[in-house]
Structure formats: structure tokens, C-alpha cells
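Written below as C-alpha cells is the structure these notes are about.
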Amino acid sequence: MRKSDYYREFVQKLPKDTVVLTLACGKYRFNDLDLGEIEGIPRLIDLGQCNDAMVALEIAQALAVLFDVDVNDLSLTLAVSWMEQKAVAILWSLLALGIKGIYLGPIVPGWVNDDILKVLVEEYNVKLIGNLKEDIKAMMG
């Protein structure tokens, strides 16, 4: 599998009881797919462009309040792809807001050296992705 096809195949192989909330440019890898619905709710929900990232966080915060848990305790996986300037700004914003356990990849950004990766992993529980089956298993775990 080409790394550029990772998210398309990822979304296609997700369990049928999952909902995909997407935003920014990465969605163009799979937003043409018909994933169906769960009890009338589309399985693929587009939240907008890069500048709408805060909308996704507001949804996560509202769900956390609804279920009376911390955002980091939600059954929610954040995967950040495409490491150009806007995506990096989104990643740094999420980290600054205390969001942990973000998946990053499938290509490690060029600005991530061993020291930066160590901090991202140890301080923020950032996880690198790359093996589709193992990643889905870990994210759904």
C-alpha cells in the first residue's frame, strides 16, 4: 500500500459501528466514499477545513461534558496527517490544550527528529502510525 492511500484504506476498513469526523485536507483522500449510516447518522461527517479545527474540539468537549468524562477519556481517536504549516498549527494547538494520544503519520514529518519525537511520545503520548491493521486494532482497543 502506498502511504498516500493509508487513510482511504483505513476508513474503508473501520468497523461498521464507527463514525468518522473529518476536517482539513486529509479528508480529500476518502470523502467520496459512501460509508452508510448508523441509525440515521452518517458514518462520515465533514467538519470543514483547517480553520474549523476548533469546531472539532468543541464537539469533543461537548461530548466529554455529556458523558461526564475528560476529553482524553472519550472513545475518540485523533489522527493528524499532512504535516504542512496548518496541520502543524493544529497539532500544536491540540497539544497546548492538553489533548493526548494523538496519532501521527503515516509519514513522519520532516521537522520531527529523534529528540522532538521523544518529547511528543513521552509528554503527549503521540503515537506514530503506519501498519493499517495494527493501527485500527490499537485505535479501536
Side-chain angles (χ1 to χ4, degrees), residues 1-114 116-141:
M1 169 182 64
R2 294 182 346 209
K3 290 186 187 250
S4 62
D5 294 332
Y6 176 90
Y7 284 105
R8 185 174 188 83
E9 290 187 35
F10 176 86
V11 167
Q12 289 173 315
K13 293 183 189 243
L14 284 172
K16 301 298 182 208
D17 64 348
T18 59
V19 173
V20 177
L21 302 175
T22 186
L23 59 91
C25 297
K27 69 182 171 195
Y28 294 112
R29 301 260 185 221
F30 55 82
N31 71 343
D32 62 321
L33 298 174
D34 181 3
L35 300 180
E37 298 179 346
I38 301 172
E39 297 181 24
I41 298 171
R43 287 192 54 228
L44 180 59
I45 301 173
D46 182 4
L47 300 177
Q49 297 299 328
C50 290
N51 57 339
D52 298 313
M54 292 310 295
V55 171
L57 187 56
E58 289 172 354
I59 290 170
Q61 290 170 328
L63 289 170
V65 169
L66 178 69
F67 294 115
D68 194 29
V69 297
D70 184 78
V71 171
N72 290 309
D73 295 327
L74 287 171
S75 180
L76 176 68
T77 301
L78 296 173
V80 177
S81 66
W82 218 318
M83 286 287 107
E84 42 92 299
Q85 293 169 339
K86 291 180 284 185
V88 173
I90 291 170
L91 175 65
W92 290 146
S93 298
L94 292 169
L95 297 177
L97 292 168
I99 305 300
K100 296 186 182 247
I102 298 167
Y103 287 81
L104 184 64
I107 299 168
V108 178
W111 52 266
V112 175
N113 62 29
D114 290 340
I116 292 172
L117 183 59
K118 182 178 179 182
V119 170
L120 290 173
V121 170
E122 291 178 3
E123 300 295 322
Y124 300 99
N125 195 25
V126 168
K127 300 166 177 64
L128 298 181
I129 56 176
N131 181 297
L132 189 65
K133 288 181 183 179
E134 290 177 16
D135 294 340
I136 289 174
K137 183 177 178 182
M139 292 177 193
M140 298 293 116

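Each residue takes its place number in the sequence, starting with 1.
At least one donor-acceptor pair under 3.5 Å links the side chain of Arg8 to the backbone N or O of Arg29.
To the nearest 0.5 Å, the span separating CD1 on Ile38 from NZ on Lys16 amounts to 10.0 Å. Here CG of Asp5 is found 10.5 Å from CG of Leu132. Values are rounded to the nearest 0.5 Å. Note that CD1 of Ile102 and CD1 of Ile90 are 10.5 Å apart. Values are rounded to the nearest 0.5 Å. Expressed to the nearest 0.5 Å, how far CG of Leu47 lies from OG1 of Thr22 amounts to 7.5 Å. Between the NZ atom in Lys27 and the CD1 atom in Ile45 there is a gap of 13.0 Å [rounded to 0.5 Å]. Residue Ile136 holds its CD1 atom at 10.0 Å from CD1 of Ile129, rounded to the nearest 0.5 Å.
Asp34 CG: 12 or fewer foreign heavy atoms inside a 6.0 Å radius.
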Scan the side chains in residues 71-78 for donor-acceptor partners under 3.5 Å anywhere in the protein, sequence neighbours excluded, and list what turns up.
residue	atom	partner	partner atom	Å
Asn72	OD1	Lys100	N	2.8
Asn72	ND2	Asp70	OD2	3.3
Asn72	ND2	Gly98	O	2.9

Under the criterion side-chain contact (heavy atoms from CB on, under 4.5 Å), I'd like the reasoning laid out for Val55 against Leu23: C-alpha separation, chi angles, the key distance, then a yes or no. CA-CA 10 Å; Val55 171; Leu23 59 91; over 6 Å; no
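Across all their heavy atoms, Gly130 and Pro106 have their closest contact at CA-CB, 4.4 Å. Of all heavy-atom pairs spanning Lys86 and Cys50, the tightest one is CB-SG, 3.8 Å. Contact record, Asp135 with Tyr6: OD2-OH, 2.5 Å, taken as the closest heavy-atom pair. When all heavy atoms are compared, the tightest approach of Ser81 to Ala87 is O-CB, 3.6 Å.
Residues forming a side chain to side chain donor-acceptor pair (under 3.5 Å) with Gln61 (at least two apart in sequence, or on another chain): none. Shown here are the side chain to side chain donor-acceptor pair (under 3.5 Å) partners of Asp52, two or more places apart in sequence or in another chain: there are none. In this structure Val121 satisfies the side chain to side chain contact (heavy atoms under 4.5 Å, CB included) test together with Leu117, sequence neighbours excluded. Judged as a salt bridge (Lys or Arg N to Asp or Glu O under 4.0 Å), and not counting sequence neighbours, Asp17 has no contacts. Remark: Thr18 engages Arg43 in a side chain to side chain donor-acceptor pair (under 3.5 Å) (not counting sequence neighbours).
Within the 4.5 Å cutoff, side-chain heavy atoms of Leu95 are placed close to those of Val126. When side chains are defined from C-beta on, Leu44 does not count as touching Asp46, because their heavy atoms never get closer than 4.5 Å. Put simply, the side chain of Leu57 reaches to within 4.5 Å of the side chain of Ile99, judged on heavy atoms.
Judged by distance alone, the side chains of Asn131 and Lys133 never bring a donor and an acceptor atom under 3.5 Å apart.
The aromatic rings of Phe10 and Tyr7 lie perpendicular to each other, with more than 60° between the two planes, well past the 30° mark.
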